[in-house]
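Scroll down for the structure; my scribbles are underneath it.
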Amino acid sequence: MSIFGIMRTGVSGMAAQASKMSAVGDNIANVNTTGYKRASTEFSSFISQGGAGEYNSGGVSTTSRYAISNQGVIMGTTSTTDLAINGEGFFVVSDAGGTPYLTRAGAFVENGDHDLVNSAGFYLMGYPITNGDVSVVANSLDGLQRVNLANVAYEANATTSGTLKGVLNSNATVVAAGSLPSDNVAGSTYSSKASIVTYDTLGNKVYLDVYMTKTGTGPDTWQAAIFAKADANPATGGFPYGAAGSAPLATAALSFDGAGQLTTAPATVGVAIPGGSTMTLDFSATSQVAMDTNMELAVNGNAPSAVDSVDIAADGTVYAVFENGNRIATYKIPLATVPSVDQLTPLSGNVYAVSQLSGDVIVGFPGSGGLGSINSKALEQSNVDLATELTAMIESQRSYTANSKVFQTGSELLDVLVNLKR
């Protein structure tokens with residue numbers, strides 16, 4: 001073995017330990033970085049080829065590894081847009097130029113343009129929900145868009161359905177034809193009345209008066225008549241609505257058997273709401289008993305309302321929660337993975353790029369295909385163990401010192417050899 005081989009071996013060992021110290025330094029620096037994955041340096045021997053009977057010094061070859069597949073501890077937070085993945089998978093994010101990357105760093109906030117961005121400035125990507133659920137392209141990131149809440153800043157929904165449930169008084173007086181609410185004449189008589197708020201297509205409130213009137217016995221029959229409250233006679237606050245004798249918005253005939261159960265089927269009627277849609281009013285939960293009428297009316301639809309907060313479900317569905325309590329699904333966040341997760345290429349900003357060794361991207365929704373679930377109000381911590389890193393630092397320091405001694409010894413032997421001729 002030559003003196004130069006001894007010195008080369010020492011230098012190689014020092015360089016290897018320096019590489020390990022760099023990885024340890026990065027790990028310690030990122031011990032509190034959300035979603036950071038521990039880096040490590042793996043050593044392998046490097047052997048020089050030589051003749052038989054002679055030892056040829058080689059050195060050390062180093063390879064950097066990242067423990068990307070090892071999940072960090074999930075810690076709770078107070079922000080609904082803080083997201084952690086419990087299990088396998090990565091969030092798909094993009095930079096300002098639209099280049100997609102993978103990340104486990106889920107500390108997202110809403111920026112001035114209503115996009116969700118993480119602390120490194122990468123945009124969260126998802127599938128927009130326009131007409132119900134969406135389908136994912138399993139081997140492509142096509143179709144993904146920035147998760148943006150600007151398009152739902154205000155939302156108004158017209159009333160399209162309603163229910164009337166409760167009990168009608170079986171002892172109510174029968175009202176004869178000619179003075180029924182549907183006749184819409186002054187002095188029209190009814191058994192009970194209720195008012196309900198509905199909404200037109202712009203979100204304006206439209207009040208309706210719903211009259212329930214007993215029209216016969218054996219079997220007992222009832223009539224429902226619905227009018228627009230705005231058409232009520234100013235003098236009476238009721239009949240006639242609009243022009244005397246004009247038809248109500250809708251009428252429905254209901255029949256009950258001897259046990260008070262509704263026999264009409266289907267027990268629905270379409271109500272054309274002024275300025276709005278046709279509401280399907282359902283009476284199927286109505287019955288008749290010997291007690292005072294007690295009816296409950298409920299409809300869908302809402303007035304314009306601003307987004308109050310964002311709610312993200314475990315399956316990746318992003319809901320805009322409005323001030324009036326309504327929730328609207330706006331996006332669905334997918335998760336992505338690759339066949340060899342630890343072969344992804346790490347880049348600045350705690351993101352990863354697909355490499356030739358990692359394999360092509362696989363996309364799916366949380367909870368499907370072995371992918372994990374999304375935890376809102378939580379963040380995945382770094383998987384670095386500080387005690388382990390400090391121990392590795394001490395080991396590397398001592399190994400560096402030992403290799404420097406090898407180099408120093410080789411240098412001293414070289415000095416002896418040079419001085420032989422003096």
Side-chain angles (χ1 to χ4, degrees), residues 158-201 204-258 260-289 291-301:
T159 297
T160 57
S161 64
T163 59
L164 190 149
K165 60 182 179 179
V167 295
L168 298 172
N169 185 0
S170 61
N171 295 324
T173 302
V174 174
V175 178
S179 58
L180 293 169
S182 58
D183 295 318
N184 194 23
V185 295
S188 288
T189 306
Y190 54 89
S191 303
S192 66
K193 172 187 175 183
S195 295
I196 188 171
V197 177
T198 62
Y199 299 91
D200 66 13
T201 54
N204 296 306
K205 292 182 179 180
V206 179
Y207 292 89
L208 303 181
D209 287 338
V210 180
Y211 292 93
M212 301 298 295
T213 309
K214 190 171 185 180
T215 58
T217 58
D220 286 355
T221 56
W222 289 73
Q223 181 194 80
I226 300 99
F227 294 87
K229 193 176 186 69
D231 295 335
N233 188 306
T236 63
F239 299 103
Y241 286 80
S246 59
L249 298 177
T251 58
L254 305 176
S255 297
F256 298 88
D257 61 19
Q261 299 303 307
L262 185 67
T263 58
T264 304
T268 59
V269 65
V271 183
I273 298 174
S277 302
T278 297
M279 172 183 67
T280 301
L281 187 58
D282 186 358
F283 297 92
S284 59
T286 304
S287 61
Q288 180 187 237
V289 294
M291 62 175 288
D292 291 340
T293 297
N294 183 12
M295 303 300 297
E296 295 181 7
L297 290 161
V299 299
N300 67 352

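Here the structure is a predicted model, which means the values were calculated and not measured.
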For the pair [X] (side chain) and [Y] (backbone), establish whether a donor and an acceptor sit closer than 3.5 Å, ignoring hydrogens and angles.
{"X": "T293", "Y": "N169", "result": "yes"}
{"X": "D183", "Y": "V185", "result": "no"}
{"X": "S191", "Y": "K214", "result": "yes"}
{"X": "T268", "Y": "L281", "result": "no"}
{"X": "T198", "Y": "V206", "result": "yes"}
{"X": "T159", "Y": "Y199", "result": "yes"}
{"X": "T263", "Y": "S255", "result": "yes"}

### Message
Checking N300 against T160 for the side-chain hydrogen bond (donor to acceptor under 3.5 Å, both in side chains) test, could you report, in this order, the C-alpha distance in whole Å, the side-chain angles of both residues, the deciding distance, and whether it holds?
### Response
CA-CA 7 Å; N300 67 352; T160 57; 2.9 Å; yes
#### Entry: Between T215 and T221: side-chain donor-acceptor atoms closer than 3.5 Å
yes
#### Entry: pair T286-M295: side-chain heavy atoms closer than 4.5 Å
yes
### Message
Counting C-beta onward and ignoring hydrogens, is there a side-chain heavy-atom pair between W222 and L168 closer than 4.5 Å?
### Response
yes
Can you name the closest pair of heavy atoms from [X] and [Y] and give their distance?
{"X": "L249", "Y": "V271", "result": "CB-CG1, 4.1 Å"}
{"X": "S182", "Y": "P248", "result": "O-CD, 3.9 Å"}
{"X": "D209", "Y": "K229", "result": "OD1-NZ, 3.5 Å"}
{"X": "A194", "Y": "L297", "result": "CB-CD1, 3.6 Å"}
{"X": "P181", "Y": "Q223", "result": "CD-OE1, 4.0 Å"}
{"X": "G162", "Y": "M279", "result": "N-CG, 3.9 Å"}

### Task
Return yes when atom NZ of K165 has more than 12 non-hydrogen atoms of other residues, nucleotides or ligands closer than 6.0 Å, and no otherwise.
no
### Task
Hey, could you give me the CG/CG distance between L262 and D220, rounded to the nearest 0.5 Å?
12.0 Å
### L180 CG to Y190 OH distance, which is reported to the nearest 0.5 Å
13.5 Å
### Task
Evaluate the criterion side chain to side chain contact (heavy atoms under 4.5 Å, CB included) for residue pair T264 and F283; output intermediate values, then yes/no.
CA-CA 9 Å; T264 304; F283 297 92; over 6 Å; no
#### Entry: ring-ring contact (aromatic ring centres under 6.0 Å, His included) contacts in which one or both residues fall within residues 229-250, not counting sequence neighbours
Y211-F239, F227-F239, F227-Y241, F239-Y241
